Amino acid sequence: FGLLMTNNKHIYDLVIIGAGFAGLYSLYKAKLAKLNVITVERASNVGGTWYWNRYPGARCDVESMQYSYQFSNELQEEWEWTEKYATQPEILRYANHVADRFKLRQNIKFNTEIKSAKFISGKNHWELINHENQLIETKFCIMATGCLSTLNKPKFKNLKDFKGEIYHTGNWPHHHVDLKDKKVGIIGTGSSAIQCIPEIANEVEHLYVFQRTPHYTVPAKNAPLKYLRGKSKKNMREPIGYDNDLFVEEVKYNYSSFRLKAQNSVAAMALPINQQSALDVSDKRRKKIFEDRWNKGGVPFIAAFEDLNFDRKANETAAKFVRDKIKSLVKDSHVAKLLTPDYPIGCKRLAVDSNYYEVYNKSNITLVDLKTNPLEEFYTKGITTSKKHYELDVVILATGFDAMTGTLFNIDIEGKNNIKLKDKWSEGPKNYLGLASSGFPNLFTISGPGSPSVLTNMIVSIEQHVNWIFDCINYMKKNNKKLIEASSDAEIEWYKHNQEVSIDHVRSSCSSWYIGANIKGKAKNFMPYVGGYSKYVEKCNEVSQNGYEGFILK
Ligand code: N01
């Protein structure tokens, strides 16, 4: 870091914070643009979310053929995913491969946490301070800090008294955690817990699942991917599905059209959306369509009909189908009832599982309903609820994240006129296109609040954001502009639009981390843009084509 000291007056063109998928691609683009760039990363390696979330059973529930970069044809041709849904170790290998293949590591400073970022108006640059109080100066900042990168650790009473082991799914140790023959408690039943529970249930002596709200989940129907290995690629067609042995080869053969489908979609994913309304078909036909989707597995379930996200009656047909499945899969009817959600399906993020409901038929698993039996406190040997003491060797917190704004607020970001981002966004994040906030010039957020981000296939959204930002930086260079800042009018209009489109959407119909409901004191408004990925991209392109409409360039 010698070079970064103020005395040397070394000012970077760009500092990227984070070396996950957003940070890696930003760095690739910055090097291509020959910018003087450095990436800082608090972890000791690349991977972001996939570096930290290494709990047993962690996988991506976006299909691997889609959850990957498309900026390099060679990369997407050469990389071979082994399963329909890639495991965390495989995705982490991919991130490392990308870092090595594109020689990105030399520009990454690992084990480095940025504590504050302050815009110095007189100098038109940012001053960042790292955990060792070193100063880093830069003209531009890219916050590639992730949407789910600050843990939600509820303040359970007397947690510190517990003498056993405690882990959080979002910060799982890198060493092997031995759960064999131990009494384990897991708090939370969101996507992380739903992946983790079936995996550890086989190993532990007894597993206690502390559930506050049941979550909808559909089976992944994960499977190995097949490759032709040199056989003839004649008669390749449009890729039609995983049950077809040629699927991977067909995707690779037609990658651009496969990617285009995702680009033109709501969730940046090539999903087979049935354009019918769930209410326009007979009960028998509807059930058959849901059954087929259930059997094929994964998030396409929610695309079984085009109106499941908007029409509550249509949504109820899908919710009822899953509720009936729970009843048929879980033998103990009381447990089945506790596992059954009563809110619309797809409000909280639909989880994708491998034997989640079935695992409750095992004799070494107990579901503890925190609604009727609230968690009161920890004690030296475990957890006390209103009805009982649970003696535990290990507690796993699967309690999620302070999503979307948590990490940005943890960095003390101060813009023009000494305004802190945390104060400016105290009633909700005002962030034009999810990319930039007024008063914070030359600072971009990747998949920030106000962008589709977590409602989409993240890597596709990340690439779109990064491409847009680098086109913008290029435009500034060509037009001799030094500063870009969102206008306050444009960001307020975008914020209002974002709230409006969310009103009738199923995602607003319950309490979830999308609206900050999981964090005490957090502003309650819809954070990601729910108007759809392709519409969002249209707007971004319109803005840039009109000379960065809604931004002030100086
Ligand atoms: O976190 P969550 P997550 N007492 O916030 C409970 C992504 N992801 O880590 O619903 C008791 O969803 C809370 O209960 P309730 C994905 O976007 C992706 O599971 O608030 N319980 C809930 O059950 C996902 O949405 C993938 O009542 C408490 C759970 O903890 C996001 O990450 C895999 C509590 C938290 O669920 C977050 O998922 C995994 C308390 N005080 C995750 N506080 C893949 O792509 C919270 N809870 C594969």
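Nothing fancy with the numbering, it's 1 onward along the sequence. As the structure is a prediction and not an experimental result, all values here were calculated from the model. As the structure lists them, so they are numbered: ligands from 1, and atoms in each ligand from 1.
Considering only non-hydrogen protein atoms, atom 36 (O) of ligand 1 sits nearest to Gly190 CA, 3.6 Å. The nearest protein atom to atom 32 (O) of ligand 1, hydrogens excluded, is given as Leu148 CD1, 3.4 Å; this is a heavy-atom distance. In this structure, the protein non-hydrogen atom closest to atom 43 (N) of ligand 1 is Arg212 NH2, 3.5 Å. Considering only non-hydrogen protein atoms, atom 16 (C) of ligand 1 sits nearest to Arg349 CD, 3.3 Å. Remark: minimum distance from atom 48 (C) of ligand 1 to any protein heavy atom is reached at Arg59 O, 2.4 Å.
Heavy atoms of Gln211 stay at 4.0 angstrom or farther from ligand 1. The shortest separation from a heavy atom of Leu375 to ligand 1 is not under 4.0 Å, leaving the residue out of contact. Put simply, no part of Phe210 is less than 4.0 Å from ligand 1, judged by heavy atoms. Proximity of Val454 to ligand 1 is not established, as no heavy-atom distance is less than 4.0 Å. Using a non-hydrogen distance threshold of 4.0 Å, Leu370 registers as a contact of ligand 1. For Tyr55, the heavy-atom gap to ligand 1 drops under 4.0 angstrom.
Every atom of ligand 1 with a heavy atom of Ile187 under 4.0 Å away is listed here by number and element: 11 (C), 21 (N). Listed by atom number, the atoms of ligand 1 under 4.0 Å from Lys348 heavy atoms are 10 (O), 15 (P).
Polar contact with ligand 1: present for Trp513 (N/O pair, distance under 3.5 Å). Some N or O of Thr213 is nearer than 3.5 Å to an N or O of ligand 1, by distance alone. The shortest N or O to N or O distance between Asn518 and ligand 1 is not below 3.5 Å. When only interatomic distances are considered, the shortest N/O to N/O separation between Asp61 and ligand 1 falls below 3.5 Å. Taking distance alone, with nitrogen or oxygen atoms compared against 3.5 Å, Ala398 approaches ligand 1 more closely than that limit. Residue Gln195 has no N or O atom closer than 3.5 Å to an N or O atom of ligand 1.
The main-chain N or O of Ala314 is found under 3.5 Å from a side-chain atom of Asp311 such that the two form a donor-acceptor pair.
Seen from the ring of Phe210, Arg212 does not count as a face-on cation partner, given the 6.0 Å and 45° thresholds. Taking the ring axis of Trp513 as reference, the NZ or CZ atom of Arg349 does not stay both within 45° of it and closer than 6.0 Å to the ring centre.
A salt bridge is defined here as a Lys NZ or Arg NE, NH1 or NH2 lying under 4.0 Å from an Asp or Glu carboxylate O, and Lys320 with Asp324 meets this definition.
A distance below 6.0 Å separates the ring centres of Trp81 and Tyr94. No close placement of the Tyr67 and Tyr85 rings is indicated, their centers lying 6.0 Å or farther apart. Outside the 6.0 Å centre-distance limit, the rings of Tyr529 and Tyr533 are not counted as a close aromatic pair. In this structure, His497 has its ring center under 6.0 Å from that of Trp494.
The shortest side-chain heavy-atom distance between Val46 and Asn96 falls under the 4.5 Å cut-off. Considering only heavy atoms from C-beta on, Tyr360 stays 4.5 Å or farther from Leu338 through its side chain.
Ser44 and Tyr51 share a donor-acceptor pair across their side chains, judged by distance under 3.5 Å alone.
Across the listed options Ser192, Ala58, Pro154, Ser192 owns the non-hydrogen atom lying nearest to atom 3 (P) of ligand 1.
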